[in-house]
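Notes for the one structure printed next.
This one's a predicted model, so the numbers in the text were calculated from it and none came from an experiment.
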Amino acid sequence: MPESTTVIVGASIGGVRTAQALRSEGYPGAIVLIGAEGELPYDKPPLSKSILAGDSTMAEITLLTTEQARELDLELRLGQPAIRLSTANRDVELADGTRVAFDNLVLATGARARPSPWGTPNGLHVIRTAADARALRRHFGTTDHLVIVGGGFIGAETAATAVELGMRVTLVDPEPVPMARVMGAEIGELFIDLHRRRGVDTRFGVGVESVHGEHGSFTIGLSDGSTLAADTVVVGIGAIPNDDWLESSGLEVSNGVVCDVYCRAIGHDNIYAVGDVCRFDNTRRGGLTRLEHWTNAVEQAVVVARNIARPDEKIRHEPVEYVWSDQYDWKIQTVGLAGSSTHTVIGEVTNKARFAVCYPDEKGRLTGVVVVNWPKALVTARKAIALGVEYAEFAARLEAMTVSARTTVKETT
């Protein structure tokens, strides 16, 4: 008989990587991986990029095949979402009424797209699941004009994909500079200009008042009194953690499952959370933080697996935050905490973009870096933030790298 059973609820990147890491740690017990969707676990970042563009298939972004699950001795329960947790009975109830008992529980239910305030008429889409991406892809074939509501990463990536497929795109957001939330207004303008140069009609600082119609004939009313006609509408206005099913569980739930530095649910030594649903004690930020980052989910999975497999040697989750976005020929990567008004831009912003934006805190320490098309700067930034390098020292390093690159190019030519 297995020594114990670990049940993982959620079969996206956080849940799958937790299962894999448990086996890597030598965990000998049974592992049950529960997924709400009926298809094999898949990676989500490609949905708004290569899957939407038709450049990749679902098989190419699968995270775990049936054969791999067998090799890891995982029990897959797909297509049955969890609907209730009993901490007293130590079991999870699924939609079909079955109960799955656990000794350890990992909550990895992620987040869902914030729903459209204008309902779900045919032709209005969100992008969060494979089904969402497939439905939008089908409508792309008969779309001339696409209107995207929301200028965050999902909206911007979808705009870039649609433009490259030959569509006219209008991007709408009530914020004057949407990317300012991540990297400050001045730098955000660079990304607005990137989309404008590619032909995107940007309507920033303007809200959406109404959406009427259906696929092929939408009318969108804006807060400035103007209207837009569109064939298809995408709404990308954020995400909501999938924690409502835990309402009666007795866990502390507030914008996610509240956890300690070990990603352990407060007051429950045998329950952990990873990924978008985890709101953990973040020592780098000095408070509770919920991160909707792919890398964060992967790193939390390693921490949680270690803490379950070796409970006497627990490790903390103290991430250097990292998120990326692919838009046209720009690969945008953000490390740490960016967005303050004080910053330095190093590298080539115009022509062939290759630059980094460095952000300090009030004590002169490096807190964040936004990197565009500069892999070496990214590696240097992640190490520097982890080690607590001074802002001025790091900026000098990047300047030296830029000078070295220019000299190499000159010598080569």
Side-chain angles (χ1 to χ4, degrees), residues 1-47 51 56-82 85 90-96 98-110 129-130 242 257 259 262-265 269-278 293-315 317 319:
M1 295 289 293
E3 295 182 12
S4 65
T5 297
T6 294
V7 171
I8 303 169
V9 183
S12 192
I13 188 67
V16 170
R17 288 297 179 88
T18 300
Q20 292 169 331
L22 279 168
R23 292 302 188 219
S24 294
E25 287 285 351
Y27 177 75
I31 302 175
V32 181
L33 183 61
I34 297 169
E37 296 178 63
E39 52 196 307
L40 287 169
Y42 58 87
D43 209 9
K44 289 188 174 178
L47 294 179
I51 292 294
S56 298
T57 65
M58 288 303 299
E60 291 174 310
I61 67 168
T62 296
L63 292 171
L64 184 73
T65 66
T66 303
E67 182 181 352
Q68 289 169 337
R70 281 198 300 266
E71 290 172 354
L72 291 170
D73 193 18
L74 308 180
E75 180 184 349
L76 287 179
R77 296 206 181 185
L78 303 177
Q80 286 296 331
L85 163 64
R90 290 195 173 193
D91 65 24
V92 173
E93 183 180 351
L94 306 185
D96 65 359
T98 61
R99 294 177 180 273
V100 184
F102 63 84
D103 297 293
N104 301 295
L105 177 66
V106 180
L107 303 171
T109 46
T129 67
N242 288 320
V257 179
C259 296
Y262 304 108
C263 300
R264 183 176 52 187
D269 289 347
N270 65 327
I271 299 177
Y272 295 80
V274 301
D276 295 0
V277 78
C278 177
H293 303 164
W294 187 94
T295 303
N296 177 69
V298 170
E299 292 176 347
Q300 281 182 326
V302 172
V303 168
V304 166
R306 165 70 177 269
N307 292 342
I308 290 173
R310 293 193 257 171
D312 295 330
E313 303 174 23
K314 285 186 173 62
I315 57 174
H317 181 53

Taking the side chain from [X] and the backbone from [Y], do they hold a donor-acceptor pair closer than 3.5 Å?
X      : Y      : result
Ser24  : Gln20  : yes
Glu25  : Arg310 : no
Glu299 : Asn296 : no
Asp276 : Thr109 : no
Asn270 : Asp103 : yes
Arg23  : Leu72  : yes

Going from [atom1] on [X] to [atom2] on [Y], what distance comes out if it is rounded to the nearest 0.5 angstrom?
X      : Y      : atom1 : atom2 : answer
His317 : Arg306 : NE2   : CZ    : 15.0 Å
Asp96  : Thr98  : CG    : OG1   : 3.5 Å
Gln80  : Ile34  : CD    : CD1   : 9.5 Å
Leu22  : Asp73  : CG    : CG    : 12.0 Å
Ser4   : Ile31  : OG    : CD1   : 9.0 Å
Ser56  : Asp43  : OG    : CG    : 10.5 Å

So do the side chains of [X] and [Y] get within less than 4.5 Å of each other, counting heavy atoms only?
X      : Y      : answer
Val257 : Cys278 : no
Tyr272 : Thr6   : no
Arg264 : Asp269 : yes
Arg77  : Val32  : yes
Leu85  : Val9   : no

Closest approach of [X] to [Y] (non-hydrogen atoms, all atoms of both residues):
X      : Y      : answer
Ser12  : Leu63  : C-CD1, 3.9 Å
Ala101 : Thr5   : O-CG2, 3.8 Å
Leu40  : Leu76  : CD2-CD1, 4.2 Å
Ala130 : Glu39  : CB-OE2, 3.7 Å
Ala108 : Val274 : CB-CG2, 3.5 Å
Cys263 : Val304 : CB-CG2, 3.7 Å

Worksheet entry | Trace of the side chain to side chain contact (heavy atoms under 4.5 Å, CB included) decision for Tyr27 with Asn104 | CA-CA 12 Å; Tyr27 177 75; Asn104 301 295; 4.2 Å; yes

Worksheet entry | Stepwise side chain to side chain contact (heavy atoms under 4.5 Å, CB included) check, Tyr42 with Thr129 | CA-CA 9 Å; Tyr42 58 87; Thr129 67; 3.5 Å; yes

Worksheet item: Counting heavy atoms not belonging to Glu71, are there more than 12 under 6.0 Å from its CD?
Response: yes

Practice prompt. For a side-chain contact (heavy atoms from CB on, under 4.5 Å) with Pro41, tell me which candidate from Ile13, Thr62, Val16, Ile61 qualifies.
Written response: Val16

